[in-house]
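These notes concern the structure reproduced below.
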Amino acid sequence: MTSPLSRMALPALLAVYQATATAETVTRTPTVIVSATRTAQTVDETLAPVTVITRDDLERLQVNSVQEALRGLPGVSIVNNGGPGKTTSLFLRGAESDQVLVLVDGVKVGSATLGTFSFQDMPIEQVERIEVVRGPRASLYGSEAIGGVVQIFTRRGGGDVKPYARITAGSRHTFESAVGLSGGGERAWFNLSGTAATTRGIDACRGSLTAGCFVIEPDRDGFRNRSASARAGYRFSDSADVEAHALVTSGFTENDGGIFTGNQADARHRVLGGKVAFAPLEPWQVTLRGGTSRDELDSFKDAVFVSQFLTRRDSFTLQNDVQVGAAHLLTAGFDWQRDRVTSSTPFPERSRWNKAVFGQWQGAFGEHDLQAALRHDRNEQFGTANTGSGAWGWRFHPAVRMVLSYGTAFKAPTFNELYFPFFGDPNLQPEESRTAEIGFEGRSGVTRWSLNAFRSDVDKLIGFDPVTVTAVNVGKARIEGLEAVLATQVMDVDLGASFTLLNPRNLEAGANRDNDLPRRPRQVLRVDLDRTIGKFSFGTTIIAESARFDDPANSIRLGGFTTVDLRAEYALAQDWTVQARIENLLDKDYETANRFNQPGLGAFVTLRYQP
């Protein structure tokens, strides 16, 4: 797993840490997360490796999409099929893109047929923060949380009533606008917002009749998106509150595709949900949460209808949290979910339900923190699945903590894998995984760092049998990894860096044994540098990814690449800011999927009003 990049990067991270370990201590507001344990806790308290992207981070980085914000984060690699609005897949710790659970405001989202979430259609201006939890979380969430959990929270509001707005214009005839209103006072909160975006895009695919998109269509493939969101709540007391939220997006994408896949896609997504939380007794908190997620995709070939896939996921959760003394928290709950499919393609089965019970204990004994969780799922299609996890944290030094953890997880087969005509097999069983991890984390003054090593074994991977031409449970994989993270300040420059080493191996018997799993780079390095001088702010993001293979046989190699983005902003007035961003400064020509192009050099200017 070693390379020149890895041999240089880790010593550099450690050297920066040693140089700044004696920096003056500063006071920062603790970041509170909820995705790691389904309960509120600070990043310092959690035993899970977590990355949090806040609204301030998104505005500072000037990113135009969720995938741009996630690129290069610890354990994360992004695969994009041709630029803005095109199919985007997230691989977390080497797990498949459908082995990552995605939530929006606590509601499970994604396509029940494909098993993935359309990151490309999620408007960045609607996002309040993103929590990325690495490692198995099936013992709390059930199916799909093999690689981890990504939870996206929409903007919440609160405080005085105030409007906000943003306008962006730039390369490739890109134009984006957003307006919103937030407020609520001391006990209430609300946020209403709408966005619109359009771009001419790039030629998504380098035409070939034998690879990539399997067609030759040398033209620009544009994208436009419209979205609206609303989120509101009221706190009756410190122990009782209610909340409701809604997100609707509509995107139209031009692609390069054939008569069976189409070259135009009309995608619509809807997430609706609500929550009620109250305390029947002082140490007992009850949370009721319900929601629905709709994922609809209409495909066309030169404006002629090709196919439609509509999936709906309805869910309900009852969760009880009981505080036992000052150092122990017990959680017990029930989850219910129903997936439904409506399609122009005939599926023999169009719905299935899943019921689950789960429990968790979190405790502290002096310098030791412990967490254990168990979950039992019962599924209408495949029967039952049991998962568990445990973690131990030991703060053996005031500034350093060690964490050991182990967890099991599973991923239920998708409707396509089960029932798609002439391909699906209704007898498929869930994919299963086991993950062990050791990590160290510390903080000294303005410096925070962490180092995590893990190994995941995944069995019953669903693959394709060329003899029967159907999906089968035959695959095995082992994924070993190392993640290093550093955040500090050097000479008034804010530095954030992460480095991921990955060894994603195919262990299935046959010609591909010991090959790399497709589309996973073995090394990813991300560095963010920012400096503020008066009303001016400057920054850069550098992302370097090593080579990867695009196929199980490892015969198609995609070269490594480095991209450099520059950004600057100036405070025009108290509430007005102008921003400028140059992406891919070196105009690097690269691919994350074979023959699918990525944007080259681009420039964007933003005017932002934010009281």
Side-chain angles (χ1 to χ4, degrees), residues 13 16 19-20 23-29 31 51-73 123-130 155 159 162-171 174-180 182 195 197 445-448 485-498 525-544 562-586 599 601-611:
L13 293 178
V16 172
T20 58
E24 181 181 358
T25 301
V26 295
T27 301
R28 297 181 179 179
T29 302
T31 301
T51 301
V52 181
I53 307 172
T54 66
R55 183 71 230 167
D56 289 342
D57 294 329
L58 296 174
E59 295 179 0
R60 171 178 55 85
L61 295 170
Q62 301 183 39
V63 291
N64 294 326
S65 64
V66 171
Q67 57 263 33
E68 287 183 32
L70 295 172
R71 272 190 66 203
L73 293 182
I124 194 69
E125 200 63 26
Q126 308 283 17
V127 177
E128 179 77 22
R129 77 178 191 277
I130 305 173
R155 298 180 74 149
K162 52 190 177 184
Y164 58 89
R166 185 196 72 152
I167 298 177
T168 297
S171 299
T174 297
F175 183 81
E176 300 174 4
S177 61
V179 295
S182 68
T195 67
V446 296
T447 300
R448 300 176 64 95
V485 181
L486 175 69
T488 189
Q489 191 176 79
V490 181
M491 299 178 63
D492 295 326
V493 175
D494 292 324
L495 166 66
S498 64
L525 172 67
R526 171 169 175 156
V527 178
D528 291 286
L529 300 170
D530 288 278
R531 173 75 190 276
T532 299
I533 303 175
K535 295 183 177 182
F536 288 93
S537 296
F538 309 89
T540 183
T541 295
I542 303 170
I543 298 177
T562 299
T563 61
V564 179
D565 296 342
L566 299 181
R567 55 184 172 270
E569 67 176 60
Y570 176 72
L572 294 172
Q574 181 176 354
D575 302 327
W576 293 88
T577 303
V578 61
Q579 299 176 312
R581 176 173 177 258
I582 299 177
E583 70 173 19
N584 199 356
L585 175 67
L586 305 179
L601 175 67
F604 305 90
V605 176
T606 296
L607 179 63
R608 187 182 297 277
Y609 173 74
Q610 183 74 56

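Just the heavy atoms: all of them, side chains too, but no hydrogens, waters or symmetry mates, feed the values below.
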So do the side chains of [X] and [Y] get within less than 4.5 Å of each other, counting heavy atoms only?
X      : Y      : answer
Asn64  : Ile124 : no
Thr195 : Arg166 : no
Leu572 : Tyr570 : yes
Glu68  : Asp565 : no
Leu73  : Ile53  : yes
Leu586 : Thr563 : no
Thr532 : Ser537 : yes
Glu583 : Pro599 : yes

How many angstroms lie between atom [atom1] of [X] and atom [atom2] of [Y], to the nearest 0.5 angstrom?
X      : Y      : atom1 : atom2 : answer
Leu486 : Arg448 : CG    : CZ    : 11.0 Å
Phe538 : Glu569 : CZ    : CD    : 10.0 Å
Ile543 : Asn584 : CD1   : CG    : 10.5 Å
Asp530 : Asp492 : CG    : CG    : 13.0 Å
Asp57  : Arg129 : CG    : CZ    : 12.0 Å
Leu607 : Ser177 : CG    : OG    : 12.0 Å

Examine distances only and state if a side-chain atom of [X] and a backbone atom of [Y] form a donor-acceptor pair shorter than 3.5 Å.
X      : Y      : result
Ser498 : Gly72  : yes
Gln62  : Ala568 : yes
Gln579 : Glu59  : yes

Taking every non-hydrogen atom, the tightest pair across [X] and [Y]:
X      : Y      : answer
Arg55  : Val127 : NH1-O, 2.6 Å
Ala169 : Phe175 : CB-CD1, 4.3 Å
Arg608 : Glu125 : NH1-OE2, 3.3 Å
Arg60  : Arg567 : O-CD, 3.0 Å
Ser171 : Gly602 : OG-CA, 3.4 Å
Ala197 : Glu176 : CB-CG, 3.7 Å

**Q.** Partner of Val446 by side chain to side chain contact (heavy atoms under 4.5 Å, CB included), out of Asp494, Leu495, Val490, Thr488
**A.** Thr488

**Q.** Arg71 side chain to Thr541 side chain, donor-acceptor N/O pair below 3.5 angstrom
**A.** no

